[in-house]
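Residue numbers begin at 1 in each chain, while the letters A, B, ... track the order of the sequences.
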Amino acid sequence: MSTGEDMHALVERLYPLCRSITGDGVRRTLGIVAEYLPLRVHEVPTGSKVLDWTVPREWNISEAYVADAEGKRVVDFAESSLHVVSYSVPVSATMSLAELREHLHTLPEQPSLVPYRTSYYAPDWGFCLSQDTLDALPEGDYEVRIDSTLTDGHLTYAEHVVAGEVTDEVIVSCHVCHPSLANDNLAGIAVATFLARELAARDPYYTYRFLFVPGTIGSITWLARNAERIGKVAHGLVLACAGDPGSLTYKKSRRGDAGIDRAAQHVLAGREHTVLDFSPYGYDERQYCSPGFDLGVGSLTRTPYAGYPEYHTSADNPDFVTAEAMADTLAVCREIFSVLDRDRRYVNLSPYGEPQLGRRGLYDSLGGRSDAKQAQLAMLWVLNLSDGEHTLLDIARRSGIGFGAVVAAADALSAVGLLAPATGA
Amino acid sequence: MSTGEDMHALVERLYPLCRSITGDGVRRTLGIVAEYLPLRVHEVPTGSKVLDWTVPREWNISEAYVADAEGKRVVDFAESSLHVVSYSVPVSATMSLAELREHLHTLPEQPSLVPYRTSYYAPDWGFCLSQDTLDALPEGDYEVRIDSTLTDGHLTYAEHVVAGEVTDEVIVSCHVCHPSLANDNLAGIAVATFLARELAARDPYYTYRFLFVPGTIGSITWLARNAERIGKVAHGLVLACAGDPGSLTYKKSRRGDAGIDRAAQHVLAGREHTVLDFSPYGYDERQYCSPGFDLGVGSLTRTPYAGYPEYHTSADNPDFVTAEAMADTLAVCREIFSVLDRDRRYVNLSPYGEPQLGRRGLYDSLGGRSDAKQAQLAMLWVLNLSDGEHTLLDIARRSGIGFGAVVAAADALSAVGLLAPATGA
Amino acid sequence: MSTGEDMHALVERLYPLCRSITGDGVRRTLGIVAEYLPLRVHEVPTGSKVLDWTVPREWNISEAYVADAEGKRVVDFAESSLHVVSYSVPVSATMSLAELREHLHTLPEQPSLVPYRTSYYAPDWGFCLSQDTLDALPEGDYEVRIDSTLTDGHLTYAEHVVAGEVTDEVIVSCHVCHPSLANDNLAGIAVATFLARELAARDPYYTYRFLFVPGTIGSITWLARNAERIGKVAHGLVLACAGDPGSLTYKKSRRGDAGIDRAAQHVLAGREHTVLDFSPYGYDERQYCSPGFDLGVGSLTRTPYAGYPEYHTSADNPDFVTAEAMADTLAVCREIFSVLDRDRRYVNLSPYGEPQLGRRGLYDSLGGRSDAKQAQLAMLWVLNLSDGEHTLLDIARRSGIGFGAVVAAADALSAVGLLAPATGA
C-alpha cells in the first residue's frame with residue numbers, strides 16, 4: 001500500500017469513534033494513533049485551571065436514540081456519532097414531536113445530511129438528523145434516551161517529539177475532538193502521524209513536537225502547561241482538512257512574515273494554492289497566535305473550514321477524503337519543513353571585499369567567460385547578503401536562484417570557513 | 001428650515017461685510033456667529049510678537065470709490081467689499097486714467113468678474129473691477145478716494161470649546177478674513193458653527209475647540225498664544241470651501257497617517273471624493289503642520305482652493321454655495337468626528353489564548369454551526385489585535401468588519417473587563 | 001574636436017596595449033591618461049596582503065604566436081592582445097594540432113570573432129582565435145611560443161583627486177585591466193578622464209577621487225590600503241561599458257536607496273534607460289558593496305556587461321564605441337554629480353509656523369492672486385520638509401517641483417538665515 005492508502009486506512013479506522021473534547025473516544029483515537037507512532041498521553045483532571053479556562057467535566061456516552069410509538073429507533077447514535085449533540089446531558093423521557101423538535105437539529109438546505117452540533121459549556125441535549133428523516137416523522141409521542149455521563153474525569157491529549165539538532169521547536173498541531181468527520185479532522189491526524197514518522201527518519205534540524213489535542217480547550221491546556229517551553233517554539237503549523245480534493249490553502253500566522261509563512265509560500269509558489277492572511281477564527285492557530293503568545297504558527301488545509309458543502313455534515317465521510325489528497329498534503333508538509341529546517345541566517349566571516357574563492361577551490365579558474373556559473377553566483381549572493389539580516393530563503397528570493405542552490409552555496413562556504421550561522425538565528 | 005438652509009441664511013447675512021485680517025468686519029462677523037454659538041473673542045494688540053510674525057496695524061474702511069469727470073462713481077466699495085484691495089492705504093487724489101491703471105486689478109480672461117486682491121504687508125492701494133468696466137472707461141481725469149485707516153489696534157479671533165470626556169483636543173479651524181466671498185470661506189464658517197452646536201449636544205470623547213481666525217496671521221497668533229496647549233491637540237481639521245457643488249476633497253496632514261487622516265478616509269471611502277497628500281500651500285493647515293508643530297491636522301473642502309473658476313472672484317457669491325452642499329459637508333464632518341471619537345487603542349487584558357467568552361455570556365452556546373456570527377467574530381478580532389498597536393479603525397480595516405460592529409465588540413469586551421484603553425492612546 | 005571625439009581618440013590610442021591586472025600594459029595606459037590628467041600612480045609589491053587576497057606576480061609579455069609547419073604564424077599576439085590568454089605562463093614547444101587544441105579558445109557560435117580569456121590565479125597558457133581560423137588549420141605539428149614573464153613585481157593603479165568644499169568623498173572607479181576591448185573598458189576610462197577634468201573646473205562640493213584600478217584585485221588593493229579613508233566615502237560610481245550605442249543602465253548600490261541611487265534615477269528619469277537592483281556580480285561595485293563596506297556605490301554603464309554580442313570579443317573594438325555615446329555618458333555623469341553635490345539635508349531654523357517671507361523680501365507682496373508662484377511654492381516646500389530627514393531631492397520628488405528650483409529656494413532661504421545645513425548631512 002502507498003502512504004496515501006495507509007493514511008486513508010487510518011482515517012477509516014478512526015471514523016466510527018465518538019470523539020469529543022474529553023472522553024473515551026479521544027483515548028481510543030490516540031490508542032490507534034499510538035500503533036503508528038509512540039505517543040506520550042496526558043490526562044488533565046476536570047477543574048484544572050488552564051489560562052482563562054477550566055478543564056470541563058468528562059463526557060462519555062454509551063447509547064442514545066429516539067424511538068417512535070412502535071419502539072422503532074428513528075434516530076440512533078449507534079448508526080453515527082453525529083446523531084447526538086456532543087456533550088448532551090442524559091435524558092430519558094417520552095415527549096410529543098412538538099416538544100422534541102426543540103432538541104432536533106437539521107440542515108433544511110441540505111435535507112439528506114446530518115449536521116454536527118456541540119454544546120460543551122451550556123448544559124443541553126439534542127439530536128441531529130436529516131431534514132428528510134424529520135419530515136417523515138409522524139406526530140405522536142417519542143421515547144427519547146441519551147445514556148451519557150458528565151463526571152469529574154480528565155481531558156486527554158498526546159504528544160510525539162522528534163528530537164532535532166537543536167532544542168528550538170516546531171509544533172505541529174491537529175485537533176482530535178471531532179466525531180465522525182473525515183476531513184475535519186481525521187485526515188489531519190493521519191497526515192500528522194505519517195509526517196512524524198518520516199521526520200524521525202530524517203534527523204531534522206529543529207525538534208518537532210506533534211500535538212494531538214482537542215480543539216480550543218486542548219491547545220489552551222497545552223499552552224497553560226508548557227509556559228516554560230513557549231519561548232523555544234520557533235515555528236508551528238496547524239494541520240486540518242487535509243484530505244479533501246481541493247487545492248491547498250495556507251493561512252499566515254498573526255505575524256504575517258514568520259519563518260513558516262515564508263517557507264510555506266515559497267513551497268506553494270509553484271502550484272495552485274491560496275494564501276490567506278491571519279484571522280482569529282479557524283482552528284487552534286487562534287490560541288497559538290493570541291496576542292500574548294503571538295507564535296509564528298500558520299495553518300495548512302486543503303479547502304478551509306466551512307469552505308465546502310460537506311463541512312460539519314455526515315457527508316464529510318471517508319469517501320470525501322482521498323489517498324491522493326492526503327499524500328499531496330503530506331508531500332507539501334515535508335517540503336515546507338525541509339525548507340524551514342535549512343532557512344537560516346548566516347554571517348559572512350570575510351565581509352570586506354569578496355573573499356578569494358579561487359584559492360579555496362570554489363571558483364572556476366578560467367576567467368573572462370560570459371557564462372557565469374549558477375553555483376558561483378549563488379556563493380556571491382550568499383556572501384553578499386549574509387549579514388545576519390537575510391535568511392537563505394531571502395537570498396533565494398532576492399537573487400532568483402533556487403533555494404537548493406543557495407543552500408548548497410551556504411554549505412560550500414561554511415565548509416571552507418567563510419560562513420557561520422548568525423547567533424540567534 | 002433645514003440645517004442646510006439655516007447655514008445658507010448665515011452665509012447670506014455675513015456676505016456683505018468687509019472682512020480682512022483685522023478690523024471691524026471681523027468683529028461684526030464674529031458678532032453674528034455669536035448669535036448661534038457662544039464665542040470667546042480675543043483681541044491681540046498691534047505689535048504683538050507672534051512666532052516669527054508681528055500683529056499688524058488694524059485696518060478699517062468707511063468709503064472708497066473712483067469717480068469720473070462727471071462725478072459718477074464708476075467703481076464703488078459700497079457695492080462690494082471686493083472693489084478695494086484689502087489693506088489699501090488712504091488716498092484722495094485726482095489722476096489720469098493712465099496713472100490710475102497701475103492701481104486697477106481685473107481678470108482679463110473672466111472679463112465680467114471682479115477679482116479679490118490684498119496687500120497686507122506692503123503699503124499700497126488699489127481697486128478691483130471687471131475688465132468690462134475698465135474697458136468702458138473713457139480717457140480723462142478720475143477722482144480717487146479711499147477712506148481707510150491703518151492704526152494701532154487689534155487682531156480679533158474667537159474660540160468656542162465643546163468640553164469632552166478627556167482634555168485632549170480636536171481643533172476645527174476656519175478662516176474669517178476673506179471679504180465678500182461665499183465659498184471661501186463663509187460656507188466653512190457656517191458649517192463649523194453648526195457642527196459645534198451639534199457636538200455640544202453629543203457629549204464627545206475629545207474636547208473640541210473651534211477656531212475662527214484670520215488666515216495665516218490668525219492661526220499663527222493662536223499657536224503663539226497657546227504654546228502650552230499644543231501638546232494636548234490630538235487631531236484637527238481645517239474647514240474651507242465647504243459649500244460649492246463639487247465633491248469632497250480631503251487633504252492629509254503632513255504626517256500622512258494621523259488619526260484624522262485615517263478617520264476621514266474611512267468615512268469618505270464609500271462616496272465620490274478626492275484625497276490629496278499634504279502640501280505646504282492652501283489654508284491654515286500650513287501653520288498647524290509646519291515642521292515645528294507637525295500636528296495631525298488635515299483639511300476638508302469641497303472643490304479645493306483655486307480649483308473652481310469662481311475662486312477669488314465676485315462669482316463666489318451666495319448663489320454659488322448651496323444648502324445641500326453645506327449639509328453634506330456637515331454630515332461628513334459629523335461622521336468623521338464620530339469615528340475619531342471612538343477610534344482608540346485597547347489592550348486585551350487576557351491575551352494568552354482566547355478568553356472564554358461563553359461563561360461571560362458573550363458567545364453563542366451551541367457550537368458547530370457553520371454560520372459564524374459577525375458579532376462574535378468582531379470580538380475575536382478586537383481581542384486578537386488589541387495589543388496597544390492597533391486602533392479600532394485598524395481592526396475594522398484589517399477584518400473587513402464595519403467600524404460600528406468593531407466598536408460594539410470593544411464595548412462588550414470592556415464591559416466584562418476583558419479590554420482596557422491602552423495608556424497613551 | 002568635440003569632447004566626444006577627444007574621448008574616442010583616447011580610446012584608439014589605448015586600444016592596442018596589452019593590459020592585464022599587472023604589468024607594463026597598465027603602466028603605459030596610465031601614462032597616456034596622465035597626458036590628460038595628473039595621476040598619482042601607486043605600485044604595490046607582489047605578495048602584499050590585501051584583504052583576503054595577495055597581490056600576484058607581475059605578468060609581462062613580449063611575443064607569442066602559433067606557427068605552422070612552414071613557419072607561418074597562424075595566430076599572432078602582435079596582431080591583437082586578445083590572442084593570448086592573459087597571465088599565460090611561458091611556453092616554447094612543438095606539438096600536434098590535437099595537443100594544441102586543448103589550449104585554444106574559440107567562440108563556435110560567433111565563428112569570426114576572437115574571445116577574451118584570462119587565467120590569473122591558475123598557472124596555464126592558451127591562445128584565443130576565431131573558430132574560422134581554427135577550422136582552417138590543417139593537421140600537423142605547430143610551433144607554439146609565448147615569451148611571457150611571471151615575476152615578483154608590482155600591481156599598478158592610479159588616483160586623481162579633485163578637491164571639493166568638504167573632505168567627504170565621491171569615488172569614481174573604472175577598471176584598467178582589460179586588453180584590446182574598447183567598450184570594456186577604454187570608454188569608461190575615457191569618460192572618467194574627461195569627467196575629472198570638467199569637475200576640477202567646477203569647484204565641487206564633495207571631493208572627487210578617480211580610481212583607475214585593475215578589476216577586483218585593484219579595487220581590493222585600494223580598499224585595503226585606504227581603511228581610514230572608507231568612512232569619508234559618501235558616494236561612489238563605477239563606470240564601465242560607457243561607449244556602446246545602447247541606452248544607459250544604472251545599477252543600484254547594495255543599499256538601494258543611497259544618495260547616488262536617488263541622484264542617478266532622478267537624472268535618468270526623463271530619458272530611455274534601465275535601472276537594475278544590486279547584484280553581487282558585474283564590476284568593482286562587487287567590492288565596494290561587499291557587506292563589510294556596504295558603500296553607497298552604484299554603477300553606470302550603457303549596455304551592461306554580457307548584454308551585447310560584442311562583449312569580451314574582438315568585435316568590441318574602437319568602431320563599436322562612438323563619440324556620441326561617450327559624450328552622452330559624460331553628460332549624464334556630469335548631471336548626476338551636479339545633483340549629488342547639491343542634494344543635502346537642511347534644517348528650518350524657524351520651524352514653528354511659516355516664517356514671514358514678505359519682510360525678508362522673499363514673497364510677492366500682492367496677495368490673493370490665484371497664480372501661486374513656483375519659486376514661492378518651492379520655498380514653502382523646503383521650509384516644510386527641512387526637518388533634517390528630507391534631502392532637497394526628496395523635496396523635489398515629493399513636491400513635483402524641479403530640483404533646480406528647489407535648490408534655488410534653499411539658497412534663498414539660507415541667505416536670509418532661515419535654513420542651515422543639517423549636521424551630519
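- Taking each heavy atom of A:Gly353 and C:Ser290 in turn, the nearest pair found is N-OG, 2.7 Å.
- Residues C:Cys289 and A:Asn384 share a closest heavy-atom pair of O-ND2, 3.2 Å.
- The two residues A:Arg398 and C:Arg254 come nearest to each other via the heavy atoms NH2-O, 4.2 Å.
- No more than 12 heavy-atom neighbours from other residues, nucleotides or ligands sit within 6.0 angstrom of CD on A:Glu272.
- Here the CG-CD distance, from C:Asp52 to A:Glu354, works out to 10.5 Å after rounding to the nearest 0.5 Å.
- For A:Asn348 (side chain) and C:Gly292 (main-chain N/O), no donor-acceptor pair under 3.5 Å exists by modelled atom type.
- Here the side chains of A:Tyr352 and C:Leu223 are not in contact, with every heavy-atom distance at 4.5 Å or above.
- One finds the OG1 atom of C:Thr216 at 10.0 Å from the CD atom of A:Gln356 (value rounded to the nearest 0.5 Å).
- Around the CD atom of C:Glu109, the shell of radius 6.0 Å holds no more than 12 heavy atoms that belong to other residues, nucleotides or ligands.
- To the nearest 0.5 Å, atom OG of residue C:Ser279 and atom CG of residue A:Leu385 are 10.5 Å apart.
- Looking at C:Tyr87, neither its backbone nor its side chain comes within 4.5 Å of chain A, counting heavy atoms on both sides.
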